[in-house]
Amino acid sequence: MDVSHLLDDLNEAQREAVSASPGHYLILAGAGSGKTRVLTHRIGWLTQVERVPPWAILAVTFTNKAAGEMRARLDGLIPGGTQGLTVGTFHGIAHRLLRRHWREAGLVEGFQILDSDDQQRLIKRVVAGLGLDEARFPPRQAAWQINQWKDEGKRPDGIEHRDHPVTRTFVEIYKAYEQQCQRAGLVDFAELLLRAHELWLKDPQVLRHYQDRWRYLLIDEFQDTNTLQYAWIRVLAGTTGQAFVVGDDDQAIYGWRGARVENVQQFLNDFPGAKTIRLEQNYRSTSTILNAANAVIARNGGRLGKQLWTDGDEGDRIALYAAYNEQDEARFVIERIREHIAEHGNARDCAILYRSNAQSRNFEEQLIQRNLPYRVYGGLRFFERAEIKDALAYLRLAANRHDDAAFERAVNTPPRGIGDRTLDELRRRARTESSSMWEAALNEVSTGSLAGRAKNAVRAFIGLIDTLQRTFGGHDGGGDEPAALGLAEQIEHAIVHTGLRDFYENDKRGNGEARVENLDELVNVASRFEMTPEDLDAGLNELSAFLSHAALEAGEGQGEAWDDCVQLMTLHSAKGLEFPIVFLVGMEEGLFPSQRSTEEENRLEEERRLAYVGITRARRKLYVSHAESRRMHGTEMLARPSRFLGEIPPELIDELRPRVQVSRPAYADRFAGTSIEEPLPVRLGQRVSHPKFGEGTVVSAEGAGAHMRVQVNFEGEGSKWLVYAYANLTAL
DNA sequence: CCGCGTGGCCTTTTT
DNA sequence: GGCCACGCGG
């Protein structure tokens with residue numbers, strides 16, 4: 001068989017990876033080095049040369065988008081040859097596994113998935129139910145902690161320091177939350193992975209089955225794996241599986257959400273005989289851009305080491321613009337974009353990348369003013385919209401009465417006279433009888449102490465859900481059921497008969513019209529929905545499959561990627577993408593690197609990797625900019641240029657609009673962390689006294705001169721930001 | 001139950 | 001500055 005198409009057009013390192021002999025491999029793939037290509041061609045090689053049956057291959061990605069791209073490229077590469085191949089996200093694969101083995105995993109058959117928003121609401125109610133002070137145990141933080149524990153594979157009984165009062169309380173919240181989920185048949189994202197992992201550990205037969213099946217494991221973005229995902233791969237690989245992991249330690253930017261770059265190093269220890277192959281030739285950027293990226297990332301310690309190179313052009317120098325303020329910065333960027341478009345370029349060639357979402361506003365305002373089309377990535381996705389979740393809550397409730405998260409959402413949206421008082425009563429009853437809200441409602445209607453009006457309202461709601469289910473043609477027992485409604489009809493029916501549509505139509509808050517459109521779109525989406533063979537295989541019904549799909553794949557943000565629009569996004573969302581022209585904006589100390597990351601070396605290095613990611617997004621031309629003054633959180637702040645700018649070799653930079661002020665130090669010295677630091681009037685760690693707040697310690701400072709602010713951690717009062725010039729602090 | 005005023009907060013994001 | 005959660009008054 002001719003397999004030349006698998007190796008032609010590959011460089012030597014890529015070929016080595018694609019055609020590697022059996023064993024474990026770590027592919028260190030630099031930015032733009034053809035990583036996806038290597039992954040897909042490796043799969044082609046395995047199936048066509050090594051004669052590995054496709055069903056023995058498992059390819060894991062982090063996002064649905066990445067999984068979809070891989071599938072599409074495989075289809076192009078090995079036509080018809082991908083039958084039975086598993087490509088999916090960690091969560092998607094865990095989900096399928098649990099559907100198939102729900103009994104062994106200790107779940108109910110029709111379990112549903114809780115998204116982060118549902119999870120947080122549920123935890124909030126758990127915190128309230130335990131009688132805890134929400135100020136001392138914020139639901140947000142509790143959710144974060146629980147997810148962190150789950151990501152580390154920990155159940156309440158396995159948590160250390162449970163004798164510490166604060167930890168103990170969080171463990172209690174965790175326990176109570178777990179019980180609620182179990183009773184309601186709900187599984188959150190982290191739980192999907194944890195359950196699947198536990199299933200393997202406690203059921204050797206199931207594990208054996210999958211170890212025997214998936215002998216070839218390919219993992220994308222390996223540097224982003226967390227503890228549990230890594231454990232998952234190890235268990236699944238067992239002693240027979242072969243792991244081919246692809247990643248880049250220099251692009252690890254998700255440490256804050258539990259990803260462990262250390263896993264890359266760990267892999268070499270844990271997988272016997274693992275070999276490392278480096279992909280360093282870059283096919284994306286000019287050598288100028290690569291040299292800048294290499295120089296910046298070289299400042300990080302503990303790297304596995306890689307040096308990007310290209311045999312392409314040197315290209316333009318990097319343009320640096322020092323703006324007066326954030327508006328001047330936006331004006332500069334938009335002007336360059338206008339010039340580009342005027343020279344018959346496309347708007348979509350240009351990307352504006354920033355550290356935090358709030359920075360998009362300035363650019364959006366000026367883009368609107370100049371009448372340029374743009375698209376902001378991120379933000380609310382389709383299935384995360386309130387009206388969509390409202391509609392789905394009715395379906396969830398019709399499918400499973402004990403889904404408290406859905407009950408709470410549906411019960412009074414639209415308003416039907418079931419207020420907080422009534423709900424508190426139902427919650428109290430559900431808690432004491434450890435039942436679902438639905439059961440509590442039933443009991444309350446028959447034997448409860450609710451006032452007449454409230455009781456009627458609750459009774460009407462129960463009737464509404466029952467009717468809904470009957471109309472759907474569910475499995476409600478009765479002999480002569482009407483023909484079952486299709487998914488789209490069910491949704492349409494629910495939207496109309498629950499009053500949701502009317503409610504949003506008459507919504508005077510201005511966006512009602514858009515919400516109704518979204519509801520209509522939901523019906524459209526449902527009518528186009530098709531179950532995958534895996535869904536059918538797992539024995540899912542259409543509704544369950546659709547609901548899972550909604551939670552697992554929240555859909556696109558606004559707009560379509562293919563329109564000719566200027567692209568605006570955070571540096572994090574830009575990972576994996578590339579653009580001919582990139583504007584890296586807001587390169588200022590305190591913003592990028594962000595204030596909170598400058599105190600710890602680890603976090604600073606992660607910021608630096610983010611800078612590396614940003615620089616390497618650009619194909620032809622990179623602009624970097626910073627503003628000397630910027631409005632942040634409502635106040636004008638002065639900021640020094642980012643240290644990362646100073647880390648780019650000066651000879652690669654073209655400074656636009658050279659500064660005329662003589663009062664400022666010359667170029668190199670303007671950058672923080674290079675040589676001159678403006679002296680601070682206080683030291684970090686300095687003990688100070690404040691007339692009102694008492695004594696405390698200076699923990700950080702930002703800005704300069706009259707605008708300088710310091711953060712002081714006061715005993716008893718907590719930490720506060722104070723404008724140094726007015727704070728009247730005395731050093732102790 | 002709704003609308004409005006106030007106070008606190010404030011990186012990054014996918015599943 | 002802007003968003004969101006909460007509390008009060010109609």
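In what follows, chains are A, B, ... by sequence order, proteins preceding strands, each numbered from 1.
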N/O (side chain, A:N64) to phosphate O (OP1/OP2, B:dT14) under 4.0 Å
no
Using heavy atoms to find the nearest nucleotide of DNA chain B for A:N357 and A:T89 separately, return the residue whose nucleotide is more 5′.
A:N357
Between B:dT13 and A:S573, is there an OP1 or OP2 to side-chain N/O distance shorter than 4.0 Å?
yes
At under 4.0 Å between heavy atoms, what does A:D188 touch on the DNA or RNA strands: base, sugar-phosphate, or nothing?
nothing
How far does the C1' atom of B:dT11 sit from the matching atom of C:dC6, given to the nearest Å?
25 Å
With sequence neighbours left out, write down each residue that passes side chain to side chain donor-acceptor pair (under 3.5 Å) with A:T36, or none if nothing qualifies.
none
Is it true that A:K455 and A:E444 have a side-chain N and a carboxylate O under 4.0 angstrom from each other?
no
Could you pull out all residues at least two apart from A:D424 that satisfy salt bridge (Lys or Arg N to Asp or Glu O under 4.0 Å)?
A:R427
Send over the distance from A:Q251 CD to B:dT12 C1', rounded to a whole Å.
16 Å
Any A:R361 side-chain N or O less than 4.0 Å from OP1/OP2 of C:dG1:
no
Pick base, sugar-phosphate or nothing for A:L353, based on heavy-atom distances below 4.0 Å to the nucleic acid.
nothing
Nearest-nucleotide 5' precedence on DNA chain B, A:E607 against A:R421:
A:R421
Think A:T570 has a side-chain N or O under 4.0 angstrom from the OP1 or OP2 of B:dT13?
yes
In whole angstrom, give the distance that lies between atom CZ of A:R140 and atom P of B:dC9.
12 Å
Taking only side-chain nitrogens and oxygens of A:R381, does any of them come within less than 4.0 Å of OP1 or OP2 of B:dT13?
no
What pairs with A:E326 under salt bridge (Lys or Arg N to Asp or Glu O under 4.0 Å), at least two apart in sequence or on another chain?
none
Those residues at least two apart in sequence (or on a different chain) that pass salt bridge (Lys or Arg N to Asp or Glu O under 4.0 Å) with A:D250 are A:R303, A:K306
Closest to the A:H572 side chain: B:dC10, B:dT12, B:dC1?
B:dT12
Gap between atoms CG and P, on A:D151 and B:dT15 respectively (whole Å):
15 Å
Whole angstrom is fine here: how far is it from OH in A:Y354 over to C1' in B:dT12?
12 Å
In whole angstrom, give the distance that lies between atom CD of A:E599 and atom C1' of B:dT11.
13 Å
Rounded to whole Å, please give me the gap between CG in A:D220 and P in B:dT15.
13 Å
Phosphate oxygens OP1/OP2 of B:dT12: is one of them under 4.0 Å from a side-chain N or O of A:R355?
no
Charged tip of A:R409 within 45° of A:F407 ring normal and under 6.0 Å
no
Give A:S356 one of three labels, base, sugar-phosphate or nothing, depending on what nucleic acid heavy atoms sit under 4.0 Å from its own.
sugar-phosphate
Can you say whether a donor on the side chain of A:R257 sits under 3.5 Å from an acceptor on the base of B:dT11, or the other way round?
no
Grab the OH-P distance between A:Y254 and B:dT13 for me, whole Å please.
7 Å
Please list residues of residues 114-136 of chain A whose heavy atoms come under 4.0 Å from any atom in DNA chain C, ordered by number; otherwise none.
A:K124, A:E134
Taking the side chain of A:F189 as its heavy atoms from C-beta onward, which of B:dT11, B:dT15, B:dC1 lies nearest to it?
B:dT15
Any stacking of A:W256 on B:dT12, going by centres under 5.5 angstrom and planes within less than 30 degrees?
yes
Considering only NZ, NE, NH1 and NH2 on the basic side and carboxylate oxygens on the acidic side, decide whether A:E607 and A:R355 come within less than 4.0 Å.
yes
Identify the residue among A:L353, A:I352, A:N357, A:V376 that makes a side chain to side chain contact (heavy atoms under 4.5 Å, CB included) with A:M569.
A:L353
Students often get this wrong, so: under 4.0 angstrom with heavy atoms, is A:R603 touching a base, only sugar-phosphate, or nothing?
base
Please classify B:dT11 as syn or anti, treating any glycosidic angle within 90° of 0 as syn.
syn
To the nearest Å, give me how far apart NE2 (A:H95) and C1' (B:dT14) are.
16 Å
Who passes salt bridge (Lys or Arg N to Asp or Glu O under 4.0 Å) against A:R234, sequence neighbours left out?
A:D270
